[in-house]
Amino acid sequence: MSGTTLAHSAHQPEVNYLNHTKTLKSWLFTLDHKRIGLMYLGAVALAFLAGGILALLVRIELLAPGQTIMGPDAYNQSFTLHAVLMIFAFIIPAVPAVMGNFVLPIQLGAKDVAFPRLNLASFYIYLLGGVIVLSALFVGRIDGGWTFYAPYSERVGDSILFVTLGVFVMGFSSILTGLNFIVTVHKMRAPGLTWTRLPLFVWSIYSTSIVQVLATPVIGITMVLLFLERALKIGIFDPALGGDPVLFQHFFWFYSHPAVYIMILPAFGIVSDLMGTFSRHQVSGYKFVALSSVAIAFLGFMVWGHHMFVSGQSATSSIVFSLITYLIGIPTGVKVLNWVTTMYRGSIWLQTPMLYALAFLFTFSIGGFTGIMLGVLAIDVHLHDTYFVVAHFHYVMMGGNVIAALGGLHYWWPKMTGRMFNETAGRVAAALVFIGFNLTFFPQFIMGSQGMPRRYYDYLPEFQGMHQLSTYGSWVLAAGLFLILGYLLWSLVKGERATANPWGALTLEWTHASSPPDMHNFHDTPVVTRGPYDYHLAPELFVTSPGGDGAAEQVHPTETKA
Amino acid sequence: MAQTTVAALESQDHHAHPAHLQHHFVSSEQQFDAAKMGMWLFLITEILLFSGMFVAYTVYRVWHPEVFELSAELLDWKLGGLNTLVLLLSSFTVAYGINRIQHNDRKGLIINLVITLLCAATFMVVKYFEYTGKFAVGIFPGGGFAPTGVYHGHELSHFDVPYASQFFSIYYVMTGIHGVHVLVGMGIFVWLLVKAIRGRFSSEYYTPVELSGLYWHLVDIIWIFLFPLLYLI
Amino acid sequence: MGENGNVWMPDAMSTVASEVDSLFYFVLWTSTIIFALVILAKVYFAVRFRRRDPAEVPQPIHESKLLETAWIVIPTILVLIVFTWGFKVFVKLNSPPPDAYQITVRGKQWFWEFQYPNGTVVANEMHVPIGQPVKLLMSSEDVLHSFFIPDFRVKHDVLPNRYTSLWFEATAPGEYQIYCTEYCGTSHSGMLGKVIVQTEEEFAAWLNEQSQDLPPAELGANVFRQYNCGVCHSVDGTRIVGPTMKGLWGAERQFEDGGTAVADENYIRESVLNPGAHIVATYPNAMPATFGSLSAKQLDGLIAFIQTLE
Amino acid sequence: MSAHGHHITPARTLVMVFAGLVFLTILTVVTSRMETGPLHVPLAIAIASFKAILVVLFFMALKYDNKVNALILSVGTLFVIVFLGITLLDTMYRGDLPNTQKGTIMDQQRAEEALKAEDPGAEAVRINRPENP
Ligand code: HEA
Ligand code: HEA
Ligand code: CUA
Ligand SMILES: [Cu+2]
């Protein structure tokens with residue numbers, strides 16, 4: 001990494017991946033991983049918006065007992081669609097398909113992912129799946145929750161066929177993305193980029209991809225069997241036909257528990273990168289953080305039955321599931337420890353992305369600890385299917401994945417768009433999101449342990465206070481999120497132009513690619529000579545700085561290369 | 001790996017790019033390795049897809065072993081065995097076809113592909129007769145299961161027992177999805193055949209043949225398990 | 001967040017409840033302590049090591065092996081403790097004592113039916129004696145349900161085609177809430193019930209009274225209340241999910257398909273037993289067909305009750 | 001691996017593997033029709049697994065392939081075993097605590113009817129009904 005390459009990529013290029021061709025066709029048929037990443041960003045943000053609006057409606061309905069704005073059927077469909085959109089259309093593709101697509105090949109020093117056509121195909125398969133799911137709305141009601149438990153899911157209208165088909169199709173997209181990334185990581189690394197020099201984001205996307213490839217086919221076959229059970233009455237799951245409904249739950253959770261690690265592992269990766277960059281410090285325990293992702297990915301396959309402690313499954317299996325569930329807490333805990341110790345004696349720069357990383361530590365830990373509580377056999381008997389579970393999974397999904405993803409989005413925004421967002425607005429929004437989030441979901445822990453069941457359209461008056469707090473919180477949260485949407489869009493037009501490396505980071509997308517990168521990412525394939533967080537070995541990045549906070553922007557000469 | 005890439009990178013400027021090399025790869029070697037690894041990953045997704053059905057099979061078999069043994073008698077092991085041999089042969093011809101093209105014997109490849117296709121077609125025809133033979137006596141999957149009459153020397157009314165329909169549901173789902181895979185494979189082989197006849201493959205470049213071969217062998221392996229599980233035990 | 005069960009857990013009203021609570025609070029407080037350590041360290045570092053000079057490049061630190069090991073060993077020990085403890089209580093929760101009083105429970109969309117050993121069947125209100133283990137033998141008529149009494153810390157899914165059970169021993173008289181906690185359709189949140197814990201004598205008296213004859217209209221009012229008809233039908237003329245029962249008797253009914261009928265005995269009987277047969281105009285076909293188990297006596301009671309609603 | 005160094009599996013090996021597969025197919029048919037007692041099922045599965053390994057190693061040339069691909073296949077197979085194994089931990093031990101009945105209600109009713117049919121006089125026979133254990 002010589003100074004020349006740095007200076008070389010420091011200026012904002014006239015021609016970049018965003019503008020080298022301009023037609024709509026050049027976007028729709030692009031094979032460029034960066035453009036595909038951006039298209040995913042658009043689609044995924046829409047899904048988040050739709051899912052979020054449904055969530056707000058759910059919350060408003062729960063403002064008071066009895067009917068507030070909609071009837072029971074509308075409510076039941078709202079939370080089902082909320083969950084299906086959030087899980088399958090938003091959170092599973094969110095980080096891998098958006099940031100993974102955009103950042104991973106550049107961090108590897110590659111020109112593209114291994115199979116660009118497959119990459120584009122998975123985007124369209126994803127869209128197709130989304131359309132199929134939504135078309136269910138026109139066929140009939142979709143309720144029953146995102147878990148589609150048999151036999152209820154076999155008794156409601158035919159619309160469920162569309163949902164299952166849509167989920168099946170989206171699963172394919174997820175498989176293809178994962179497959180693509182695994183091969184990319186194995187085969188496309190730049191010279192000198194050994195396994196121990198991979199940024200932790202790459203490690204986490206790599207582990208995520210393993211889970212995607214191994215688990216997703218099972219949801220595929222589950223959906224096929226559910227489909228056939230409706231169409232042909234094959235009697236595997238439906239007790240009326242001699243089937244076993246608990247077997248369906250095994251099938252469903254064999255995918256859906258590992259799927260929660262599809263959601264959280266990329267968030268771990270983002271947070272590791274943010275901790276390193278904004279502490280300007282080596283991420284402590286690099287190897288452990290890297291390998292614990294893989295360990296979590298593997299252990300995650302053996303705990304699915306902790307969703308079924310009161311389903312009637314055998315106690316023998318409950319014991320195994322419960323024990324392994326705790327074991328996952330150990331590698332996760334070491335990650336938490338290493339993030340905190342990375343900050344020790346670092347140089348901590350509290351920019352917006354770092355604020356999200358710190359918020360993540362707070363919310364995710366609460367989510368994780370309550371997960372451990374749910375894993376305790378006797379306690380889960382009481383807490384299962386109450387709002388305690390709802391709060392747990394929002395703390396890990398919204399408070400874990402989404403908050404980390406927001407951090408990543410802010411972090412890579414200058415790289416993706418070439419523009420800086422407004423820092424003040426960013427901090428205000430981060431605060432709103434953090435406060436709103438906790439206000440929305442913390443009361444749910446309390447009402448859950450008091451016994452408030454989930455998926456309830458109506459509730460007893462004694463829970464009204466908590467429900468109201470939660471609803472108000474969701475408004476604060478929404479305000480924060482809409483503010484983010486606003487200033488990010490604004491930055492596209494009015495934002496200050498970003499330099500190649502505004503945060504002073506060390507991974508290849510910052511040091512060797514311009515902002516925004518050009519269409520082939522690099523002029524010359526980079527040769528990697530140091531680890532991703534060896535800041536002490538890269539003094540040239542910082543020492544020339546003229547001073548002042550946030551001055552990393554001024555580190556690089558902005559004038560064009562002589 | 002990193003070393004290979006460096007070497008490839010250095011040599012990249014000196015060699016003309018072969019026509020099949022995509023811009024983001026530095027060498028055919030890298031491109032081929034990547035493609036093959038991708039294929040193996042795809043194959044394990046197929047394995048896990050089928051695993052769901054194997055789990056359903058095992059669970060119901062453990063619960064009702066007698067019913068499963070009884071029901072398996074209705075399947076004709078001779079037809080199943082014939083199909084096993086046919087698929088094994090097709091696997092062999094695919095492997096041998098690859099051997100041929102590696103020796104730049106294009107004609108050999110074409111002949112082997114044709115035999116493979118014929119085997120696959122035979123397999124489907126046999127399956128067709130198996131299915132229709134059962135439909136004729138009311139052995140339908142799941143809800144339609146209503147066996148009557150005599151079939152293969154068995155009085156079918158004895159088979160209208162609880163969970164026999166589960167066995168046949170599983171039988172139809174497993175062999176059905178397997179059959180779909182065979183059909184897809186046939187499509188791929190037709191495509192390969194066209195390309196082979198047009199002379200697209202040589203000992204330098206035959207990746208599609210090799211990858212399709214991997215897929216086909218997996219379809220074969222799944223049948224290797226289906227045959228004893230459904231027909232024999 | 002007191003130990004007295006007001007913020008987190010509801011008051012413990014069964015013999016096992018307090019054991020579950022001790023475990024819950026043990027996990028809660030250890031988690032809180034570890035969590036607080038993490039957060040305090042994080043906040044302290046963020047303030048103490050905040051970037052003062054944009055050019056500063058901190059030196060890497062040596063990882064403390066001791067810290068890493070401690071951070072692995074201590075949680076492992078803690079989770080093993082919690083695991084064994086949780087397992088013990090779980091086994092206890094799921095093993096009814098042999099002398100338990102058995103009540104058969106059937107879950108249907110969307111109400112609970114309780115059958116006592118003497119054959120008495122009641123809906124949604126389960127009377128049990130205090131100080132005696134009670135075992136519920138549960139099954140479902142349609143889809144999955146789940147039987148949950150938070151005050152007793154017991155819950156188990158109720159499956160079609162398979163018996164599951166739970167047990168408890170109530171420690172104080174009173175009324176306790178029953179919820180259905182497995183999604184089961186439109187009125188999942190209306191599938192509520194009450195456990196009424198009584199002394200031995202009260203309970204015996206109640207059970208005796210149940211088998212006595214009530215006047216039909218009174219019996220009908222009971223059935224109407226117990227089977228939660230009121231969730232969908234008002235008795236005062238307001239429109240909820242279904243038509244009001246007020247003034248229904250003898251009225252001319254308009255159906256969706258254009259037909260009409262007069263609301264007499266047979267019509268009401270049909271409406272309850274086979275609600276899909278005639279759909280009242282402007283209403284959805286939302287009434288569940290799960291009331292088939294109502295006895296002729298109960299149906300007569302309902303009819304008599306509806307007659308009284310002028 | 002040499003420059004264009006794909007391993008070429010010799011035709012002889014392929015033919016021998018094919019012959020082996022045919023032999024094993026015949027063997028599995030033959031053994032399945034013999035009285036092998038408790039070995040009945042395991043034997044069939046063992047033979048099938050052996051055949052699958054032959055196909056993987058030689059037809060799919062995994063023996064000569066990159067080790068990563070072998071790893072991929074092993075991991076895939078491992079997770080099938082995990083899926084199967086832990087699911088069986090439930091289905092085989094269903095009802096190990098008294099909170100869940102092992103058999104289904106339909107099965108119990110059928111067994112009861114069968115009993116009655118055998119011995120119509122014994123009206124009161126009720127087998128293993130949970131109401132009266
Ligand atoms: C991103 C998603 C995500 C993540 C990461 C997790 C993480 C975990 N989850 Fe969660 N979970 C969900 C998403 C997720 N979950 C969802 C969606 C559901 C409900 C689905 C539905 O029913 O609709 C659910 C439900 C759920 C249940 C079932 C509840 C029920 O229905 O009854 C259980 C039970 O065991 C559980 C446990 C855990 C555990 C132990 C972890 C662990 O991985 C957490 C590990 C982290 C920590 C433990 C914190 C950090 C550790 C330390 C600081 C070290 C010290 C630690 C110790 C001393 C233990 N989860
Ligand atoms: C990723 C997963 C995810 C996310 C992010 C959320 C987010 C939210 N969820 Fe959801 N939820 C689930 C997954 C998720 N949920 C699941 C799986 C269930 C279980 C369903 C079931 O039982 O089957 C559930 C159930 C559930 C319930 C329980 C319903 C019930 O049991 O009856 C509630 C109730 O409060 C709720 C509320 C919310 C709220 C207020 C948010 C808020 O955080 C939402 C805030 C978002 C917005 C307000 C949108 C704003 C977005 C934009 C402006 C776009 C901007 C774009 C960019 C910044 C790029 N959710
Ligand atoms: Cu019954 Cu929910
Ligand atoms: Cu889980």
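Proteins come first, then strands; the chains are lettered A, B, ... in the order of their sequence lines, and each starts at number 1.
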Engineer: I'd like to know which of C:T164, C:V154, C:T76 tops the heavy-atom pair count under 4.5 Å against chain A.
Structural biologist: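 Most heavy-atom pairs within the cutoff with chain A belong to C:T76.
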Engineer: Please state whether the side chain, the backbone, both or neither of A:I330 comes within less than 4.5 Å of a heavy atom of chain C.
Structural biologist: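 Side chain only.
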Engineer: Using a strict threshold of under 4.0 Å (side-chain N to carboxylate O), is an ion pair present between A:R455 and A:D385?
Structural biologist: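 No.
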Engineer: Tell me, side chain or backbone of A:T386 under 4.5 Å from chain C's heavy atoms, or both, or neither?
Structural biologist: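 When you check distances to chain C, only side chain atoms of A:T386 fall under 4.5 Å.
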Engineer: Is chain A contacted by the side chain of C:L192, its backbone, both, or neither, given a heavy-atom distance below 4.5 Å?
Structural biologist: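 Side chain only.
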Engineer: Taking every heavy-atom pair that is under 4.5 Å apart, which of C:K92, C:R50, C:R162, C:R48 has the most such pairs with chain A?
Structural biologist: C:R50
Engineer: Please classify the contact of C:I61 with chain A as side chain, backbone, both or neither, using a heavy-atom distance under 4.5 Å.
Structural biologist: both
Engineer: Aromatic rings A:Y286 and A:Y533: how do their planes relate, parallel, tilted or perpendicular, breaks at 30° and 60°?
Structural biologist: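 Rings of A:Y286 and A:Y533: tilted, as their planes differ by 30° to 60°.
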Engineer: Contact part of A:R155 toward chain C, heavy-atom cut-off under 4.5 Å: side chain, backbone, both or neither?
Structural biologist: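 Only the side chain of A:R155 comes within 4.5 Å of chain C.
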Engineer: Less than 4.5 Å to any heavy atom of chain A: does that hold for the side chain of C:Q109, its backbone, both, or neither?
Structural biologist: side chain
Engineer: C:L80 versus chain A, heavy atoms under 4.5 Å apart: side chain, backbone, both or neither?
Structural biologist: side chain
Engineer: Chain C heavy atoms under 4.5 Å from A:R141: which part of the residue, side chain, backbone, both or neither?
Structural biologist: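 Side chain only.
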Engineer: Can you tell which of A:N338, A:D380, A:V336 has the highest number of heavy-atom pairs within less than 4.5 Å of chain C?
Structural biologist: A:N338
Engineer: Need one label for A:V334: side chain, backbone, both or neither, based on atoms under 4.5 Å from any heavy atom in chain C.
Structural biologist: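 Both parts, backbone and side chain.
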Engineer: Less than 4.5 Å to any heavy atom of chain A: does that hold for the side chain of C:F148, its backbone, both, or neither?
Structural biologist: side chain
Engineer: Please determine, among C:V20, C:V241, C:N94, C:D142, the option with the most heavy-atom pairs under 4.5 Å with chain A.
Structural biologist: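 Result: the option with the highest number of such pairs is C:D142.
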Engineer: Where is the tightest heavy-atom contact between A:N76 and A:T80, given as atom of each residue plus distance?
Structural biologist: O-OG1, 2.7 Å
Engineer: Any side-chain donor-acceptor pair under 3.5 Å between A:D73 and C:T186?
Structural biologist: yes
Engineer: What part of C:L23 gets closer than 4.5 Å to chain A, counting heavy atoms only: side chain, backbone, both or neither?
Structural biologist: both
Engineer: For C:F26, what residues pass the ring-ring contact (aromatic ring centres under 6.0 Å, His included) criterion, not counting sequence neighbours?
Structural biologist: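 For C:F26 the ring-ring contact (aromatic ring centres under 6.0 Å, His included) partners, ignoring immediate neighbours, are C:W85.
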Engineer: Taking C:E19, C:R52, C:E182 one by one, which has the highest count of heavy-atom pairs under 4.5 Å against chain A?
Structural biologist: C:E182
Engineer: Using ring-ring contact (aromatic ring centres under 6.0 Å, His included) as the criterion, list what pairs up with A:Y395, not counting sequence neighbours.
Structural biologist: A:F437, A:F445
Engineer: What residue, out of C:N161, C:T30, C:T181, C:I240, has the most heavy-atom pairs lying under 4.5 Å from chain A?
Structural biologist: C:T181
Engineer: Can you tell me which of A:V376, A:V381, A:T325 forms the most heavy-atom pairs within a distance under 4.5 Å of chain C?
Structural biologist: A:V381
Engineer: Less than 4.5 Å to any heavy atom of chain C: does that hold for the side chain of A:Q249, its backbone, both, or neither?
Structural biologist: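 Side chain of A:Q249 only, per the 4.5 Å heavy-atom cut-off to chain C.
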Engineer: Does any heavy atom of chain A fall under 4.5 Å from the side chain of C:L159, the backbone, both, or neither of them?
Structural biologist: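 Side chain of C:L159 only, per the 4.5 Å heavy-atom cut-off to chain A.
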